[in-house]
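Right, one structure below, let's go through it.
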Amino acid sequence: MDFEQIHIPLEIPVPQENGSNVHIDSRLLTFAAQQAFERLSFTFTREHLEHLISVALDPVNSPNDRSTAAQLLENANIAAKGMYPLCQDTGTAQVFAWKENGIDTGASDDVEALSKGALGAYENRNLRFSTTIPDSLFCEHDPHTNGPAQILVQCTPKTGEDIAYRFLFCAKGGGSANKTGLIQATKALLNEEAFTAYLRREIAALGTAACPPYTIAVVVGGISPEQNLLTLKLATAGLYSHTIEGHDYRVMGALPLRCPEWEQRVLDIAADTGLGAQFGGRALAVSAIVLRLPRHGASCPVSLGVSCSAHRNLYGYINSRGFWLEKTIDTPERLPGFADAVSRSAAEAAQTIEINLDKGIEAARNQLSGMTCGTALVLSGNILVARDAAHARWRQLLNEGKALPDYLREYAILYAGPARTPIGAVTGSFGPTTAGRMDEYADDLMSRGAALITIAKGNRNAQWQKACKKYGAFYLGTVGGAAALIAERHVLHSEVIDYPELGMEAVRLLKISRLPACMITNDKGEDFYTSILENNLQQNS
């Protein structure tokens with residue numbers, strides 16, 4: 001892992017040695033956090049980009065695997081220019097800090113200083129405000145700051161040559177966070193057959209809604225569920241993928257045991273699901289980490305979680321010599337294999353069917369009817385953009401005996417919530433959100449002539465599939481995690497047409513051009529992901 005020294009502005013005091021201590025001004029903590037979140041929101045590490053290149057160039061992977069990886073590479077190249085962040089869900093700001101004995105920050109509030117820097121990046125770089133603040137058990141509001149940041153500062157002994165304040169900065173999106181799972185198992189799970197069965201079940205259940213290719217982490221054991229889940233969080237953020245001299249890898253007093261042989265097993269099981277990098281194949285995961293912790297004899301917490309293709313985790317540290325931040329790549333197109341990966345994908349993308357949504361919903365449905373699941377498409381025309389909060393408003397209208405807005409019957413609906421719009425741009429980074437969260441609205445909308453064509457990411461449940469068959473509706477998938485690419489290349493116009501007070505969840509009308517998509521659920525109720533998992537189940541039974 002490579003670090004580079006970051007220039008500290010003249011108005012911020014540099015670290016000062018004071019005997020055996022190092023004094024760090026709180027303004028430097030704020031500066032460090034802001035620099036880290038700005039960097040990780042727009043650029044990836046070389047290791048992460050090389051993972052995507054390997055997926056795109058590996059002939060064993062499916063054409064859909066290679067195409068998805070290539071789009072993610074193009075997305076990284078666009079984001080690295082600094083206008084559009086890598087993902088529309090720029091995530092919650094999370095900082096894990098290890099403050100070694102001898103680091104002195106005076107009377108300052110380290111949590112407040114780090115939080116101020118993190119939230120400064122969200123304000124200054126047009127990142128998305130995704131958090132809500134509770135007013136009561138059921139009511140909440142948007143603070144328009146993306147706060148509060150999640151900060152955990154731990155005191156640790158000095159273990160390296162230099163005293164240091166070490167950090168792991170993370171931006172965590174909702175899709176991948178929602179894939180975190182914890183069970184309270186027993187010793188009965190601690191054998192090869194039972195644990196393999198657990199992995200097969202849980203990895204298949206991940207689906208594709210959290211934007212693969214994934215990093216999958218599994219943690220077995222823990223003196224408490226809290227110790228297990230904190231270890232899982234750090235593992236998904238890459239803490240145990242590298243060894244940094246002087247870093248304290250204990251979690252609540254326990255040093256996890258890494259199990260490399262099971263990491264390969266996890267990758268094999270992920271490949272065998274057939275889900276692939278979003279649209280079928282073998283590239284559901286590019287890396288895995290499996291850790292074992294001590295446990296109470298009567299308890300065995302087991303957790304599984306992911307980091308998505310927008311793997312936004314960055315290391316940094318401050319010592320007596322200054323502030324250091326993990327290196328990222330600001331010109332991905334110069335990496336070996338990048339151009340080849342993108343050019344191959346472009347050639348395969350030519351084999352698609354174009355759907356003109358401006359001809360109306362009925363014309364589009366007629367064109368889509370009879371298509372098999374997995375068919376590659378490109379979409380052009382006007383579409384509606386809405387997600388959770390708007391759907392809740394529409395249901396409230398129905399509960400009050402009121403009619404749905406007319407626009408719902410005029411357009412296909414893309415579930416999304418864009419990042420804030422940079423000056424001179426049509427939209428901020430723009431990409432699909434998880435389809436499954438809107439499944440419960442199927443009959444409410446389809447029975448009234450709405451949501452007959454929807455566009456999003458990930459799998460949907462049986463309720464939605466049955467509704468598609470009943471009402472002649474379609475669900476189309478588009479690549480998750482390519483929000484900078486979509487914003488720059490495929491969105492021609494964007495305007496808010498309803499519920500502006502919902503911020504990123506307002507209803508928008510978008511004009512798109514040649515947006516890549518895939519038939520997931522057709523008007524016969526046939527479903528792409530369901531068929532993949534059923535075939536996988538038959539092969540492993």
Side-chain angles (χ1 to χ4, degrees), residues 1 47-48 51 94 96-98 150 152 154 156 159 166-170 172 176-206 210 212-271 284-308 311 313-315:
M1 180 179 295
E47 179 183 40
H48 182 72
H51 277 315
Q94 304 174 9
F96 299 92
W98 293 262
Q150 175 185 292
L152 177 62
Q154 306 170 70
T156 64
T159 54
R166 304 180 189 277
F167 308 96
L168 175 55
F169 302 97
C170 308
K172 188 69 170 176
S176 57
N178 292 345
K179 293 302 178 182
T180 302
L182 172 75
I183 63 170
Q184 288 290 6
T186 68
K187 186 172 175 59
L189 189 66
L190 300 182
N191 63 78
E192 183 171 353
E193 182 178 0
F195 192 61
T196 299
Y198 160 80
L199 290 176
R200 288 194 182 282
R201 181 176 65 253
E202 296 301 317
I203 291 173
L206 287 173
Y214 298 135
T215 292
I216 300 178
V218 183
V219 179
V220 179
I223 299 300
S224 66
E226 296 81 8
Q227 185 185 52
N228 178 290
L229 284 173
L230 179 55
T231 305
L232 179 77
K233 171 60 189 178
L234 295 170
T236 60
L239 182 66
Y240 297 99
S241 300
H242 306 90
T243 300
I244 303 174
E245 182 182 355
H247 199 96
D248 187 351
Y249 289 95
R250 295 173 299 176
V251 179
M252 297 182 180
L255 183 64
L257 172 68
R258 188 169 177 180
C259 306
E261 68 279 10
W262 280 95
E263 293 170 6
Q264 185 57 53
R265 186 81 64 93
V266 167
L267 290 174
D268 292 341
I269 291 171
L284 182 67
V286 292
S287 62
I289 184 87
V290 178
L291 300 172
R292 180 71 159 85
L293 287 167
R295 68 183 185 91
H296 186 287
S299 176
C300 186
V302 180
S303 62
L304 187 146
V306 303
S307 181
C308 68
H311 188 67
N313 309 285
L314 211 61
Y315 291 92

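Predicted model, so just to flag it, every value in this text is computed and none were measured. By convention here, the first residue in the shown sequence is residue 1. What you see below is based on every heavy atom in this structure, not just the backbone, and it leaves out hydrogens, waters and symmetry mates.
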*Where do L152 and L230 land on the side chain to side chain contact (heavy atoms under 4.5 Å, CB included) test, with the steps shown first?*
CA-CA 11 Å; L152 177 62; L230 179 55; 4.1 Å; yes
*asked:* Quick one, L206 with L304, criterion side chain to side chain contact (heavy atoms under 4.5 Å, CB included). Give me CA distance, side-chain angles, the key distance, then yes/no.
replied: CA-CA 10 Å; L206 287 173; L304 187 146; 3.7 Å; yes
*Locate the shortest heavy-atom distance separating A254 from L293; write the atom from each residue and the value.*
CB-CD2, 4.2 Å
*Which pair of heavy atoms, one from A285 and one from I216, lies closest together, and at what distance?*
CB-CD1, 3.8 Å
_Straight-line distance of E202 CD to K179 NZ, nearest 0.5 Å_ = 11.0 Å
*Value rounded to 0.5 Å, distance of CG in L182 from OG1 in T180*: 9.5 Å
*asked:* So for atom CD, which belongs to E261, do other residues, nucleotides or ligands contribute more than 12 heavy atoms lying within a distance under 6.0 Å?
replied: yes
*asked:* So which atom in C259 and which in R292 form the shortest heavy-atom distance, rounded to 0.1 Å?
replied: SG-CB, 4.2 Å
_Between Q94 and K233, a side-chain donor and acceptor under 3.5 Å_ = yes
*Ring geometry between H48 and H311 (parallel below 30°, tilted from 30 to 60°, perpendicular above 60°)*: parallel
*Are side-chain heavy atoms of Y249 and L234 found at a separation under 4.5 Å?*
no
*Parallel, tilted or perpendicular for F96 and W98, by the 30°/60° rule?*
tilted
*For S224 and E226, does a side-chain donor sit closer than 3.5 Å to a side-chain acceptor?*
yes
*So F167 and F169, would you call those rings parallel, tilted or perpendicular, with 30° and 60° as cut-offs?*
parallel
*Provide the closest heavy-atom pair for P256 versus Y240 in the form atom of the first, atom of the second, distance.*
CG-OH, 3.6 Å
*More than 12 non-hydrogen atoms from neighbouring residues, nucleotides or ligands closer than 6.0 Å to NE2 on H296, yes or no?*
no
*Take L284 and I203 through the test side chain to side chain contact (heavy atoms under 4.5 Å, CB included) and record every step on the way to the result.*
CA-CA 9 Å; L284 182 67; I203 291 173; 4.1 Å; yes
*Atom CG in L168, atom CG in L314: separation rounded to 0.5 Å?*
8.5 Å
*Enter the distance from C300:SG to Q184:CD here, rounded to the nearest 0.5 Å.*
8.5 Å
*Would K172 and Q150 count as a side chain to side chain contact (heavy atoms under 4.5 Å, CB included) if you check the C-alpha gap in whole Å, the side-chain angles of each, and the deciding distance to 0.1 Å?*
CA-CA 11 Å; K172 188 69 170 176; Q150 175 185 292; over 6 Å; no
*Heavy-atom pair of closest approach, residues T196 and R265*: OG1-NH1, 3.1 Å
*So, does Y315 use its side chain to make a donor-acceptor pair with the main chain of L239 at under 3.5 Å?*
yes
*Might you point out which heavy atoms bring R258 and L291 nearest each other, and give the distance in Å?*
CA-CD2, 3.8 Å
